[in-house]
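Along the sequence shown, residues are numbered consecutively beginning with 1. Keep in mind that what you see is a predicted model, and the values were worked out from it rather than measured.
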Amino acid sequence: MKKILQKMTAVLLSLLIVSLFVGMLWPTPPKGETVFGGVTTPQLLEAGEDSSQKQQEPSPQEESMPEEETASEEEEEEEPASSQESSDPSSQDVKEEDFSNQQSASSGTASSSQQAGNTASSRPGGSSQGNVSQGNTSQGDSAGNASGSAENGSSSSKPSGMSPGEGNASEGPVSSKPADQGGGIPSNPGDDSVSSKPAGDGEENTSSEPSDTPGGSTPSPGPEETPSGQIVAGYYTGWSAYKGFTPDKVAANLLTHLNYAFAKIDPDTHRIALADPENDKRNFAAIRKLKEKNPQLKALISVGGWDYSTYFSDAAASAASRETFAQSCVDFILEHGLDGVDLDWEYPVSGGMGNNTNRPEDKQNFTKLLRAIRQKLDAQGKKDGRRYYLTVAGAANTSYLSKIEPQSVASLVDYIFVMAYDIHGPWDSYADLNAPLYQPGENSPQYKNSVYDGVKAYLDKGVSAQKLVLGMPFYGYIYQGVDSWNNGLYSAYSSAKSISYDTVMASYLNQAGYQAFWHDTAQVPYLYGKNTFITYEDKTSISAKASLARRLGLAGVGAWELSFDSTGTLLKSACAEFARTGSDSAGALPVSKALPRNIESLSCLPQRRVYWTAA
């Protein structure tokens, strides 16, 4: 019996030692905490990850996207033999594979307004930009033809800056609205957050040269990796020459990519064609000289835009039409000495101008069209011993992304220019901010969205941050007939139009009767005076946007459009911030210094302060 007791004691002691040893290796987490790979939930939150994202269910659109993209690949029509000779980047040894499938982590949760109330990021000026077509607005898909050139006075139905000689008229009301459309003053809009810091455009801001252009001279079967921090892109509009801003005036030393807007599509042949032949040819000659002086500069022809997207759907509808369109892109850039093509289809499936041709199949056909162009460019690049670029411009909202195949598109292009502007404009019922960096915290009588939300929408769809270029506006909107309450923000108005940065600086900032304000959460300035509200950008707001792009690891920054900032003030500010390295602690902006973990939880400061008043 004694021996039995000794054996039992030895066994119990062994079990106790094993349990103690296991406990040391695998400690029980404190109550209320969950362990993920040895890291507790509070530690994850401290690292900047919002736990609510883990539990948020994706929308049906987002869940079905990978299947839809796969289905379109399987159902794709057989391309002509000449198109098949070139390789598909998705099946080649492409250098981008190291990053194209990475999804950048970003903080905050997507706003529900992004699902149901976002406007399209179209562009003002010449191409009828500033028009809403993606997402729901108070006036519907066709209600947004409101903005016009920053220097013209075109009607609300369609700005006329595309025609020769237009776009430099004196400013006049655009989107004039009947008084009964105004809506009313919101019952409790809350206090907008206005900083007491000095106006951004009165500060010192040193410029910085951008890094060398991405890519090399050797041909590639597909887009190569573009290291973050390399791209500074700007749109030059052909009609800018009519107001004296010719290509030689462009600050090309600050750019890596210059997109010439726009070429059109011939409805009979499905080939791209000059929109304004004589003027375009003069501009192309000047751009070639510009490239000689700035070897890093890559010039691309941008096709479409608001006015010239009418026949995109037809060009993308069949294998034969795609083949023709793709070959015409190659022929065009070779004829005019350009480096690539930028597609600005506004918009696939639905939206855009009222006379646009749209098809449900546009979603898959857009990918097929890009593949056909990619193959043609790569085949030509192999012959010429160089690389040709393919890019697209896309709206910054979930509605647009539901009408394309984001990951497939990203795999075929060098980068996507995210049009993170026109978040609000003359198509709305109330005066609002054009491109808020983050959503304002106060109550608003209409939908909310932001630059951050727009970028995050792409990241949430699995698009690599290094395939995204943040598009920034060098313009704003001027609303007339606003109420003095809340200094015009969220007020009903009688008329509105787009306005260039140059015009704001020359005619409104520091002028008698106008006050300048800064919204601390949205990170943008605005003006109020004489029953007029102006939303615009300055050096500080552009720097904040470039800072966001840099910290999210985006491929670059870009602007619509260069003539609106003829002195290069905003462009220099963007370059200086995006190229900056090191800690964000010195000179950082109050809100954008660190990415908020939950954007929706931010609220504006209760005080309203004016940082200057012109007597």
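- Between Ser541 and Gln523, the closest side-chain pair of non-hydrogen atoms is not below 4.5 Å.
- In plain terms, the two heavy atoms of Pro426 and Lys497 that are nearest each other are CG-N, 4.3 Å.
- Within the 4.5 Å cutoff, no side-chain heavy atoms of Ser429 are placed close to those of Pro445.
- Remark: the Glu442 side chain and the His519 side chain contain an N/O donor-acceptor pair separated by less than 3.5 Å.
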**OP:** List the steps and the verdict of side-chain contact (heavy atoms from CB on, under 4.5 Å) for Tyr477 and Phe533.
**Re:** CA-CA 8 Å; Tyr477 288 107; Phe533 173 86; over 6 Å; no
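- Inspection of the Ser543 and Thr540 side chains reveals no N or O donor paired with an N or O acceptor under 3.5 Å.
- The aromatic rings of Tyr235 and Phe262 sit tilted, their planes meeting at an angle between 30° and 60°.
- In this structure, OG1 in Thr391 is found 7.5 Å from CG in Leu343, a value given to the nearest 0.5 Å.
- Within the 4.5 Å cutoff, no side-chain heavy atoms of Ile423 are placed close to those of Asn434.
- Looking at every heavy atom in both residues, Asn449 comes nearest to Gly454 through OD1-N, 4.3 Å.
- Leu552 has its side chain out of reach of Leu470: every pair of non-hydrogen atoms, C-beta onward, lies at least 4.5 Å apart.
- Considering only heavy atoms from C-beta on, Asp432 comes within 4.5 Å of Ser444 through its side chain.
- One finds the NE2 atom of His424 at 9.5 Å from the OG1 atom of Thr535 (value rounded to the nearest 0.5 Å).
- Of the possible polar contacts, none joining the Asp565 side chain to the Leu562 backbone as a donor-acceptor pair under 3.5 Å is found.
- The side chain to side chain donor-acceptor pair (under 3.5 Å) test applied to Thr532 returns no partner, not counting sequence neighbours.
- Residue Asn294 comes nearest to Ala252 through the heavy atom pair ND2-CB, 3.5 Å, listed as atom of the first residue, atom of the second, then distance.
- A 4.5 Å side-chain heavy-atom check between Asp428 and Tyr447 finds at least one atom pair inside the cut-off.
- The only option from Val463, Ile416, Asp460 that meets the side chain to side chain contact (heavy atoms under 4.5 Å, CB included) definition with Pro406 turns out to be Val463.
- Residues Val451 and Ala420 come closest through the heavy atom pair CG2-O, 3.6 Å.
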Subject >> side-chain contact (heavy atoms from CB on, under 4.5 Å) evaluation trace for Thr237 with Phe245 >> reply: CA-CA 9 Å; Thr237 57; Phe245 191 77; over 6 Å; no
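- Looking only at atom types and distance, the side chain of Thr503 has a donor-acceptor partner in the side chain of Ser500 under 3.5 Å away.
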Subject >> Step-by-step side-chain contact (heavy atoms from CB on, under 4.5 Å) determination, Met472 to Val557 >> reply: CA-CA 7 Å; Met472 303 179 291; Val557 293; 3.8 Å; yes
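- Checked by atom type, the side-chain pair Asp453/Gln439 shows a donor-acceptor distance below 3.5 Å.
- Contact record, Tyr236 with Val250: CD1-CG2, 3.8 Å, taken as the closest heavy-atom pair.
- The backbone N or O of Ala576 lies less than 3.5 Å from no partner atom in the side chain of Arg580, so there is not a single donor-acceptor pair.
- Between Ile231 and Thr256, the shortest heavy-atom distance links the atoms CA-OG1, 3.4 Å.
- The distance from the CD1 atom of Ile478 to the OG atom of Ser498 is 10.5 Å, given to the nearest 0.5 Å.
- The backbone N or O of Glu346 sits less than 3.5 Å from a side-chain atom of Ser309, completing a donor-acceptor pair.
- Panel note: side chain Lys448, backbone Pro440; a donor-acceptor pair is recorded below 3.5 Å.
- Applying the side chain to side chain donor-acceptor pair (under 3.5 Å) rule to Thr567 yields the partners Thr569; only residues at least two apart in sequence or on another chain are considered.
- Using modelled atom types, no side-chain atom of Ser507 and backbone atom of Val504 make a donor-acceptor pair closer than 3.5 Å.
- His257 places none of its side-chain heavy atoms less than 4.5 Å from the side chain of Val232.
- Between Tyr347 and Tyr400, the ring planes lie perpendicular to each other; the angle is over 60°, past the 30° to 60° tilted range.
- No donor-acceptor pair closer than 3.5 Å links the side chain of Ser491 to the backbone N or O of Val482.
- A side-chain N or O of Ser563 and one of Glu561 form a donor-acceptor pair less than 3.5 Å apart.
- Checking side-chain atoms of Asn486 against main-chain N and O of Gly488 turns up no donor-acceptor pair under 3.5 Å.
- Using a distance-only test at 3.5 Å, with no hydrogens or angles considered, no donor-acceptor pair links the side chain of Lys467 to the main chain of Tyr415.
- The backbone N or O of Ala579 sits nowhere less than 3.5 Å from a side-chain atom of Arg550 that would complete a donor-acceptor pair.
- Inter-residue side-chain proximity for Ile542 and Phe474 is flagged as met; some heavy-atom pair is nearer than 4.5 Å.
- Note that CZ of Phe517 is 3.5 Å distant from CG of Asn487, once rounded to the nearest 0.5 Å.
- To the nearest 0.5 Å, atoms CG (Asn531) and OG (Ser494) are separated by 9.0 Å.
- Remark: Leu433 CG to Tyr536 OH distance equals 11.5 Å, nearest 0.5 Å.
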Original post:
Taking it one step at a time, do Ser302 and Asn259 satisfy side-chain hydrogen bond (donor to acceptor under 3.5 Å, both in side chains)?
Top reply: CA-CA 6 Å; Ser302 185; Asn259 292 352; 5.5 Å; no
Subject >> Stepwise side-chain contact (heavy atoms from CB on, under 4.5 Å) check, Ile499 with Ile534 >> reply: CA-CA 9 Å; Ile499 183 171; Ile534 302 174; 4.2 Å; yes
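- If you run side chain to side chain contact (heavy atoms under 4.5 Å, CB included) between Tyr479 and each of Tyr493, Tyr528, Tyr430, only Tyr493 comes through.
- In this structure, Lys545 pairs ionically with Glu537, as a charged nitrogen and a carboxylate oxygen lie closer than 4.0 Å.
- Of the possible polar contacts, one joining the Asp502 side chain to the Ser566 backbone as a donor-acceptor pair under 3.5 Å is found.
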